[in-house]
Amino acid sequence: MAKAWKKLSILALAAALAAMVAMVGCSSEQKSEEATDEKATTETTAEPVELQVFAANSLSKAMEEVQAAYIEDGHSNVTFADTQYKSSGELNEMLGAGSYADLLISASKGSMDTAVKEGYVDEGTRVDMFKNDLVIVSKEGSGLKDVTLQDIADGKYTFCVGDESVPAGNYADQALSTVGVYIPSGDDEGKTGKDISGKNGSFAEGYNPVLDTSVGNVCKHAQSGDVDVAFVYTSDVYRFGGVEIVGTVPADTHKNIVYPGAITSQSKNVEATQEFLDWCQSSEKAQEIWQKWGFELA
(Lines give C-alpha, C1' and ligand atoms only; values in the text may rest on other atoms or scores of the structure.)
Protein backbone atom coordinates (compact mmCIF):
# COMPACT_ATOMS: atom_id res chain seq x y z
CA MET A 1 0.00 0.00 0.00
CA ALA A 2 2.83 2.38 0.94
CA LYS A 3 4.56 1.61 -2.31
CA ALA A 4 1.41 2.45 -4.27
CA TRP A 5 1.00 5.80 -2.50
CA LYS A 6 4.67 6.59 -3.13
CA LYS A 7 4.26 5.81 -6.81
CA LEU A 8 1.12 7.97 -7.04
CA SER A 9 2.94 10.86 -5.28
CA ILE A 10 5.84 10.69 -7.73
CA LEU A 11 3.45 10.69 -10.69
CA ALA A 12 1.53 13.64 -9.25
CA LEU A 13 4.75 15.60 -8.70
CA ALA A 14 5.93 14.90 -12.26
CA ALA A 15 2.59 16.04 -13.66
CA ALA A 16 2.76 19.23 -11.61
CA LEU A 17 6.29 19.96 -12.83
CA ALA A 18 5.26 19.36 -16.44
CA ALA A 19 2.36 21.74 -16.03
CA MET A 20 4.64 24.40 -14.57
CA VAL A 21 7.13 24.03 -17.46
CA ALA A 22 4.29 24.30 -19.95
CA MET A 23 2.99 27.43 -18.26
CA VAL A 24 6.46 29.04 -18.27
CA GLY A 25 6.92 28.14 -21.93
CA CYS A 26 3.57 29.61 -22.87
CA SER A 27 4.33 32.73 -20.86
CA SER A 28 7.71 33.20 -22.58
CA GLU A 29 6.21 32.58 -25.98
CA GLN A 30 3.43 35.06 -25.23
CA LYS A 31 5.93 37.70 -24.10
CA SER A 32 7.99 37.12 -27.24
CA GLU A 33 4.90 37.49 -29.41
CA GLU A 34 3.87 40.61 -27.50
CA ALA A 35 7.36 42.11 -27.97
CA THR A 36 7.25 41.36 -31.70
CA ASP A 37 3.76 42.80 -31.98
CA GLU A 38 4.84 45.88 -30.02
CA LYS A 39 7.83 46.43 -32.35
CA ALA A 40 5.64 45.99 -35.42
CA THR A 41 3.04 48.37 -33.96
CA THR A 42 5.75 50.95 -33.19
CA GLU A 43 7.08 50.77 -36.76
CA THR A 44 3.64 50.98 -38.36
CA THR A 45 2.40 53.80 -36.13
CA ALA A 46 5.58 55.94 -36.28
CA GLU A 47 4.90 59.42 -37.58
CA PRO A 48 5.46 59.62 -41.36
CA VAL A 49 8.32 61.95 -42.22
CA GLU A 50 9.87 63.13 -45.48
CA LEU A 51 13.52 64.16 -45.42
CA GLN A 52 15.12 66.52 -47.90
CA VAL A 53 18.84 65.89 -48.39
CA PHE A 54 21.29 68.22 -50.14
CA ALA A 55 24.42 66.19 -50.98
CA ALA A 56 27.64 66.73 -52.89
CA ASN A 57 27.38 65.53 -56.48
CA SER A 58 29.92 62.75 -55.96
CA LEU A 59 27.64 61.04 -53.42
CA SER A 60 24.71 60.45 -55.78
CA LYS A 61 24.97 56.72 -56.47
CA ALA A 62 25.94 55.77 -52.93
CA MET A 63 23.32 57.97 -51.28
CA GLU A 64 20.51 56.48 -53.38
CA GLU A 65 21.41 53.01 -52.13
CA VAL A 66 21.86 54.18 -48.55
CA GLN A 67 18.44 55.83 -48.47
CA ALA A 68 16.77 52.67 -49.79
CA ALA A 69 18.63 50.54 -47.22
CA TYR A 70 17.62 52.91 -44.43
CA ILE A 71 13.92 52.57 -45.25
CA GLU A 72 14.24 48.77 -45.39
CA ASP A 73 16.09 48.70 -42.07
CA GLY A 74 13.02 49.40 -39.93
CA HIS A 75 12.30 52.97 -41.06
CA SER A 76 9.30 52.41 -43.29
CA ASN A 77 7.77 55.66 -42.04
CA VAL A 78 10.59 57.65 -43.71
CA THR A 79 10.57 58.83 -47.29
CA PHE A 80 13.12 61.00 -49.05
CA ALA A 81 12.24 63.96 -51.21
CA ASP A 82 14.07 64.46 -54.51
CA THR A 83 17.62 64.56 -53.13
CA GLN A 84 19.62 67.41 -54.65
CA TYR A 85 23.08 66.45 -55.91
CA LYS A 86 25.08 69.55 -56.83
CA SER A 87 28.52 70.98 -56.28
CA SER A 88 28.95 72.07 -52.66
CA GLY A 89 29.03 75.72 -53.71
CA GLU A 90 25.75 75.37 -55.58
CA LEU A 91 24.10 73.69 -52.59
CA ASN A 92 25.09 76.63 -50.39
CA GLU A 93 23.69 79.03 -52.98
CA MET A 94 20.41 77.12 -53.01
CA LEU A 95 20.14 77.32 -49.23
CA GLY A 96 21.00 81.01 -49.35
CA ALA A 97 18.22 81.54 -51.89
CA GLY A 98 15.66 79.95 -49.58
CA SER A 99 15.55 76.32 -50.77
CA TYR A 100 14.50 73.90 -48.03
CA ALA A 101 16.65 71.02 -46.81
CA ASP A 102 16.97 68.93 -43.64
CA LEU A 103 20.52 67.71 -44.17
CA LEU A 104 23.54 69.16 -45.97
CA ILE A 105 26.57 67.03 -46.90
CA SER A 106 29.44 68.96 -48.50
CA ALA A 107 32.55 67.68 -50.24
CA SER A 108 34.87 70.04 -48.40
CA LYS A 109 35.35 71.57 -44.98
CA GLY A 110 35.58 75.00 -46.60
CA SER A 111 32.08 74.72 -48.06
CA MET A 112 30.67 73.61 -44.73
CA ASP A 113 32.53 76.45 -43.00
CA THR A 114 30.66 78.81 -45.31
CA ALA A 115 27.35 77.11 -44.50
CA VAL A 116 28.05 77.57 -40.78
CA LYS A 117 29.12 81.19 -41.22
CA GLU A 118 25.99 82.04 -43.22
CA GLY A 119 23.74 80.29 -40.71
CA TYR A 120 22.52 77.60 -43.13
CA VAL A 121 23.29 74.73 -40.73
CA ASP A 122 23.34 74.01 -37.00
CA GLU A 123 27.06 73.90 -36.19
CA GLY A 124 26.40 71.67 -33.16
CA THR A 125 25.30 68.84 -35.47
CA ARG A 126 28.31 69.06 -37.78
CA VAL A 127 30.30 65.86 -38.21
CA ASP A 128 33.02 64.67 -40.61
CA MET A 129 31.46 61.73 -42.47
CA PHE A 130 33.76 60.50 -45.26
CA LYS A 131 37.23 60.73 -46.75
CA ASN A 132 38.20 60.51 -50.40
CA ASP A 133 41.28 60.65 -52.64
CA LEU A 134 42.05 62.86 -55.63
CA VAL A 135 43.15 60.94 -58.70
CA ILE A 136 43.97 61.59 -62.35
CA VAL A 137 41.81 59.61 -64.79
CA SER A 138 41.71 59.07 -68.52
CA LYS A 139 39.37 57.37 -70.95
CA GLU A 140 39.33 53.62 -70.41
CA GLY A 141 41.87 51.97 -72.70
CA SER A 142 43.83 55.18 -73.32
CA GLY A 143 47.11 53.47 -72.63
CA LEU A 144 48.24 56.25 -70.30
CA LYS A 145 49.82 55.41 -66.97
CA ASP A 146 51.81 56.98 -64.16
CA VAL A 147 50.68 60.51 -65.08
CA THR A 148 52.09 63.09 -62.65
CA LEU A 149 51.52 66.73 -61.81
CA GLN A 150 54.85 67.48 -63.47
CA ASP A 151 53.60 65.89 -66.69
CA ILE A 152 50.70 68.36 -66.62
CA ALA A 153 53.16 71.20 -65.98
CA ASP A 154 55.26 70.03 -68.93
CA GLY A 155 52.22 70.36 -71.18
CA LYS A 156 52.07 66.70 -72.12
CA TYR A 157 48.31 66.37 -71.70
CA THR A 158 45.10 68.36 -72.06
CA PHE A 159 43.19 68.32 -68.79
CA CYS A 160 39.90 69.15 -67.08
CA VAL A 161 39.19 70.32 -63.51
CA GLY A 162 36.15 71.57 -61.65
CA ASP A 163 35.54 75.31 -61.48
CA GLU A 164 35.71 77.31 -58.25
CA SER A 165 32.31 76.05 -57.03
CA VAL A 166 33.53 72.44 -57.14
CA PRO A 167 35.61 71.20 -54.16
CA ALA A 168 37.39 68.63 -56.36
CA GLY A 169 38.43 71.56 -58.55
CA ASN A 170 39.73 73.45 -55.52
CA TYR A 171 41.80 70.45 -54.46
CA ALA A 172 43.13 70.07 -58.01
CA ASP A 173 44.10 73.76 -58.13
CA GLN A 174 45.89 73.41 -54.81
CA ALA A 175 47.90 70.49 -56.17
CA LEU A 176 48.59 72.19 -59.51
CA SER A 177 49.92 75.26 -57.71
CA THR A 178 52.85 73.17 -56.47
CA VAL A 179 54.10 72.78 -60.04
CA GLY A 180 53.33 76.33 -61.21
CA VAL A 181 50.26 75.51 -63.30
CA TYR A 182 47.85 77.36 -61.01
CA ILE A 183 48.72 80.82 -59.66
CA PRO A 184 47.14 81.81 -56.31
CA SER A 185 46.13 85.40 -55.72
CA GLY A 186 44.83 87.65 -52.95
CA ASP A 187 45.42 86.24 -49.46
CA ASP A 188 46.89 83.09 -51.02
CA GLU A 189 49.54 84.89 -53.07
CA GLY A 190 52.98 83.41 -52.54
CA LYS A 191 51.60 80.19 -51.06
CA THR A 192 51.00 76.79 -52.62
CA GLY A 193 49.43 73.40 -51.98
CA LYS A 194 47.30 72.85 -48.90
CA ASP A 195 48.03 76.40 -47.71
CA ILE A 196 45.73 77.91 -50.34
CA SER A 197 41.98 77.71 -50.99
CA GLY A 198 42.20 76.89 -54.68
CA LYS A 199 39.84 79.78 -55.43
CA ASN A 200 40.18 83.24 -56.95
CA GLY A 201 43.47 82.40 -58.64
CA SER A 202 44.24 81.82 -62.30
CA PHE A 203 46.08 79.40 -64.53
CA ALA A 204 49.56 80.30 -65.65
CA GLU A 205 50.13 81.46 -69.20
CA GLY A 206 50.01 78.59 -71.65
CA TYR A 207 47.60 76.45 -69.62
CA ASN A 208 43.95 76.35 -70.68
CA PRO A 209 42.16 73.57 -68.85
CA VAL A 210 38.54 72.69 -69.52
CA LEU A 211 36.47 73.82 -66.52
CA ASP A 212 33.11 72.37 -65.53
CA THR A 213 30.51 72.86 -62.82
CA SER A 214 30.54 69.44 -61.15
CA VAL A 215 33.03 66.66 -60.57
CA GLY A 216 30.64 64.35 -62.44
CA ASN A 217 30.86 66.50 -65.55
CA VAL A 218 34.63 66.67 -65.20
CA CYS A 219 34.77 62.89 -65.17
CA LYS A 220 32.61 62.73 -68.29
CA HIS A 221 35.09 64.89 -70.21
CA ALA A 222 37.75 62.23 -69.64
CA GLN A 223 35.26 59.45 -70.33
CA SER A 224 34.39 60.89 -73.74
CA GLY A 225 37.98 61.68 -74.65
CA ASP A 226 37.38 65.45 -74.82
CA VAL A 227 40.56 65.78 -72.76
CA ASP A 228 43.46 63.46 -72.09
CA VAL A 229 43.06 63.47 -68.32
CA ALA A 230 40.82 64.85 -65.58
CA PHE A 231 41.08 65.41 -61.82
CA VAL A 232 38.31 63.60 -59.92
CA TYR A 233 37.70 61.59 -56.75
CA THR A 234 38.38 57.88 -56.48
CA SER A 235 34.64 57.40 -55.88
CA ASP A 236 33.87 58.86 -59.32
CA VAL A 237 35.66 55.95 -60.99
CA TYR A 238 33.17 53.60 -59.29
CA ARG A 239 30.26 55.93 -59.93
CA PHE A 240 30.67 56.46 -63.68
CA GLY A 241 32.91 53.81 -65.13
CA GLY A 242 34.42 54.31 -68.58
CA VAL A 243 37.52 55.87 -67.03
CA GLU A 244 40.63 54.46 -65.41
CA ILE A 245 43.01 55.84 -62.83
CA VAL A 246 46.31 56.79 -64.46
CA GLY A 247 47.78 58.74 -61.56
CA THR A 248 47.22 59.55 -57.90
CA VAL A 249 47.64 63.12 -56.72
CA PRO A 250 50.02 63.24 -53.71
CA ALA A 251 48.00 63.83 -50.55
CA ASP A 252 50.51 66.40 -49.28
CA THR A 253 49.82 68.72 -52.24
CA HIS A 254 46.24 69.53 -51.22
CA LYS A 255 44.01 69.81 -48.17
CA ASN A 256 42.55 66.62 -46.72
CA ILE A 257 39.43 65.59 -48.64
CA VAL A 258 36.70 65.32 -46.03
CA TYR A 259 32.91 65.34 -46.40
CA PRO A 260 31.20 67.08 -43.47
CA GLY A 261 27.48 66.69 -42.80
CA ALA A 262 25.17 68.87 -40.70
CA ILE A 263 21.48 69.35 -40.03
CA THR A 264 20.20 72.60 -41.49
CA SER A 265 19.06 75.40 -39.21
CA GLN A 266 15.65 75.38 -40.91
CA SER A 267 14.97 71.64 -40.59
CA LYS A 268 11.49 70.76 -39.36
CA ASN A 269 12.55 67.15 -38.78
CA VAL A 270 15.61 67.48 -36.57
CA GLU A 271 15.14 64.23 -34.62
CA ALA A 272 14.47 62.12 -37.72
CA THR A 273 17.36 63.75 -39.59
CA GLN A 274 19.76 63.12 -36.71
CA GLU A 275 18.68 59.48 -36.60
CA PHE A 276 19.42 59.12 -40.32
CA LEU A 277 22.76 60.92 -39.98
CA ASP A 278 23.78 58.62 -37.12
CA TRP A 279 22.69 55.51 -39.05
CA CYS A 280 24.77 56.58 -42.06
CA GLN A 281 27.89 56.34 -39.91
CA SER A 282 27.11 53.45 -37.57
CA SER A 283 25.15 50.94 -39.63
CA GLU A 284 27.10 48.03 -41.13
CA LYS A 285 24.75 48.11 -44.11
CA ALA A 286 25.56 51.77 -44.72
CA GLN A 287 29.30 51.20 -44.33
CA GLU A 288 29.24 48.43 -46.92
CA ILE A 289 27.51 50.74 -49.40
CA TRP A 290 29.88 53.68 -48.81
CA GLN A 291 32.89 51.43 -49.27
CA LYS A 292 31.39 49.85 -52.38
CA TRP A 293 31.31 53.32 -53.99
CA GLY A 294 34.84 54.30 -52.92
CA PHE A 295 34.21 56.27 -49.72
CA GLU A 296 35.99 55.76 -46.42
CA LEU A 297 34.36 56.68 -43.12
CA ALA A 298 36.13 59.62 -41.55
Inset, instruction - Spell out, as yes or no, whether a donor-acceptor pair under 3.5 Å connects the side chain of S267 to the backbone of T264. - result: no
Inset, instruction - Evaluate whether atom OH of Y238 has more than 12 neighbouring non-hydrogen atoms of other residues, nucleotides or ligands under 6.0 angstrom away. - result: no
Inset, instruction - Please answer whether the main-chain N or O of G193 pairs with a side-chain N or O of S177 as donor and acceptor at a distance below 3.5 Å. - result: yes
Inset, instruction - State yes or no: do L95 and V116 share one hydrophobic cluster built from I, L, V, M, F, W and Y residues joined by side-chain heavy-atom distances below 4.5 Å, directly or via other members? - result: yes
Inset, instruction - Would you mind listing every salt bridge (charged side-chain N to carboxylate O under 4.0 Å, His left out) that reaches into residues 152-169, with sequence neighbours excluded? - result: D151-K156
Inset, instruction - Following the transitive rule for hydrophobic clusters with a side-chain heavy-atom cut-off under 4.5 Å over Ile, Leu, Val, Met, Phe, Trp and Tyr, establish whether V237 and W290 coincide in one cluster. - result: yes
Legend entry - Trace of the salt bridge (charged side-chain N to carboxylate O under 4.0 Å, His left out) decision for K292 with E65: CA-CA 10 Å; K292 167 186 171 182; E65 285 195 25; 2.8 Å; yes
Inset, instruction - Could you tell me whether K86 and E93 have a side-chain N and a carboxylate O separated by less than 4.0 Å? - result: no
Legend entry - Backbone N/O of K194 and side chain of K255: donor-acceptor pair under 3.5 Å: yes
Inset, instruction - Consider only side-chain heavy atoms of I, L, V, M, F, W and Y, link residues closer than 4.5 Å, and tell whether L277 and L104 are in one cluster. - result: no
Inset, instruction - Say whether, by atom type as modelled, one donor and one acceptor occur between the side chain of T125 and the main chain of I263 under 3.5 angstrom. - result: yes
Inset, instruction - Decide whether V229 and V227 are clustered together by the hydrophobic rule: side chain heavy atoms of Ile, Leu, Val, Met, Phe, Trp, Tyr closer than 4.5 Å, transitively. - result: no
Inset, instruction - Return the set of residues passing salt bridge (charged side-chain N to carboxylate O under 4.0 Å, His left out) with D113 (not counting sequence neighbours), or none when no residue passes. - result: R126
